[in-house]
Amino acid sequence: MTLNIGVLGYRFMGRAHSNALARLPMFFPDAPDVERHTLVGRDEEALADAAERFGFSHTATDWEDAIDDVDVFYNLGPNHIHPEPSIAALDAGVPVLCEKPLAPTLDEAAAMRDAAADADVPTATAFNYRFVPAVRYAKGLIEDGELGEIRQVRGRYLQDWLADPEAPWAWRLDADMAGSGALGDLGAHSIDLAEFLVGDAVGEIDRVSGHLQTFVDERPVYDEEGGVEEYRDVTVDDAYTAQVAYESGAIGNFEASRFAEGHKNDHTIAVHGSKGSLKFSLERFNELEVLREGDRGYQTVLVTDESDPYIDHWWPPGHVIGWEHTFVHENYEFLSAVAEGGEFEPSFEQGYEVQKLLDAVTRADERGEWVSVE
């Protein structure tokens, strides 16, 4: 059986997932056979060029025209485009992979979660950092009790692409299109990764505090010659911080910024327990810092052995892999679940749970006090 794949979006995430689909048969021979069938976008000329480069046999300028022709639908468009096409595909019984955050608002995320439950087909919220070998290795250590009782988790995601106040306006800076700024764009990753690593150990979240800040209130829109056409309002946060209280008594600290000079894509998570600690940074992708009981300091573990998660599919031990490989792993797991009628995590249900925390952080900021996630 060959799965015909339809993809909405051909820019950043469109390239990442298309590359992953192309790599699957080379490195994961047990993956389902796939055809890159239909690429969906609005600009016919740019769409045709992207389809040729990405290896798609068909194009469509309306996502409704694609759903009937594909077996799996990837929704990789801006956040405000996530709900309607995803729900329509699910109503047609088509499995859906949707980029994060699941939707601009909690109500829309709930509608997507409910549509997935009714369809009873695999869904995926594309939190690709769950599929980093070092992160999977870290999860194994936590599950094996190497860190003891989990007491604290710290997640941060720092970028600097908006540090220049004259950096151009983009859809990610509009609340109607994006839902939120650094909180949803970056913080969603940290929140999901914490749940993946320690959720079973620390239990549900009792309450959360939050602080959102916008540093630059408007940004320029440039013409083709580099001149400023106009200035548009920035209606999302540039940075956020949050504190989380878990029912076990553990605490969480999360932050993200798109104004952190010197940090291009610094996604870091740390877990501290009664017996030890671990730290992972995306900027040191193949490494995990581990401190076990009795150690005087952290040890750097190179997670590139054949026995490490996913590594046996790639190169000889010690040969590093990179960011783009997370999408290959993610697509392998999701499409295998589709072909076998199995389950995939993180699903739309788990994407909704992340959205609940994003919503709670926003409410906490508005009220200036701790709030319940519910």
Side-chain angles (χ1 to χ4, degrees), residues 3-28 31-63 66 70-82 85-86 89 95-102 124-132 157 159 161-162 167-168 170-173 177-178 184-186 188-189 258 264-267 282-283 285 310 313-314 320-335 338 346 351:
L3 296 174
N4 291 325
I5 311 297
V7 173
L8 188 163
Y10 53 82
R11 299 194 185 278
F12 183 24
M13 286 298 103
R15 292 196 302 272
H17 285 280
S18 296
N19 174 69
L21 292 169
R23 301 284 81 76
L24 274 179
M26 301 180 198
F27 296 97
F28 288 78
D33 292 331
V34 299
E35 179 186 345
R36 283 159 277 163
H37 189 275
T38 303
L39 189 63
V40 182
R42 292 179 299 178
D43 185 321
E44 291 189 7
E45 183 176 348
L47 179 63
D49 176 69
E52 182 177 357
R53 287 187 290 114
F54 298 169
F56 282 81
S57 54
H58 301 80
T59 62
T61 55
D62 189 332
W63 55 263
V70 301
D71 302 305
V72 188
F73 184 70
Y74 284 41
N75 191 335
L76 313 180
N79 301 347
H80 72 290
I81 301 176
H82 290 178
S86 298
V96 178
L97 179 148
C98 183
E99 266 301 328
K100 59 80 211 164
L102 198 55
T125 308
F127 288 115
N128 61 302
Y129 297 131
R130 287 192 180 209
F131 302 93
V132 177
Y157 206 144
Q159 296 179 345
W161 61 281
L162 287 177
W171 69 264
R172 294 183 186 275
L173 306 180
M177 300 178 74
D185 186 28
L186 306 178
H189 273 304
R258 302 192 287 207
K264 296 302 178 187
N265 197 38
D266 180 10
H267 187 199
L282 190 63
E283 294 185 337
F285 183 91
Y310 301 117
H313 289 275
W314 298 105
V320 296
I321 61 173
W323 178 83
E324 71 275 15
H325 295 85
T326 63
F327 294 90
V328 183
H329 305 157
E330 179 180 49
N331 277 263
Y332 169 70
E333 300 288 3
F334 175 59
L335 293 172
V338 171

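Quick caveat, the model's predicted, so the values are computed rather than measured. One is the number of the first residue; the rest follow in order along the sequence.
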Aromatic plane relationship, His189 with Tyr129 - under 30° parallel, 30 to 60° tilted, over 60° perpendicular: tilted
Main-chain N/O of Gly77 paired to His82 side chain as donor or acceptor, under 3.5 Å: yes
Side-chain donor-acceptor contact under 3.5 Å, Asn19 with Arg15: no
Near-ring test Trp323/Phe285, centroid separation under 6.0 angstrom: no
Matching residue for Ser57 among Glu35, Arg36, His37 - test: side chain to side chain donor-acceptor pair (under 3.5 Å): Glu35
All pairs passing side-chain hydrogen bond (donor to acceptor under 3.5 Å, both in side chains) where residues 38-51 contributes a residue, at least two apart: Asp49-Arg53
Centroid-centroid distance, Tyr310 to His329, less than 6.0 Å: yes
Lys100 side-chain N/O to Asp185 backbone N/O, donor-acceptor pair under 3.5 Å: yes
Under 3.5 Å: donor-acceptor pair, side chain of Asn75, backbone of Cys98: no
Aromatic ring pairing Tyr74/His17, orientation class (parallel under 30°, perpendicular over 60°, tilted between): perpendicular
Heavy-atom donor-acceptor pair, His325 side chain to Gly322 backbone, under 3.5 Å: yes
Any donor-acceptor N/O pair, Asp71 side chain to Asn4 backbone, under 3.5 Å: yes
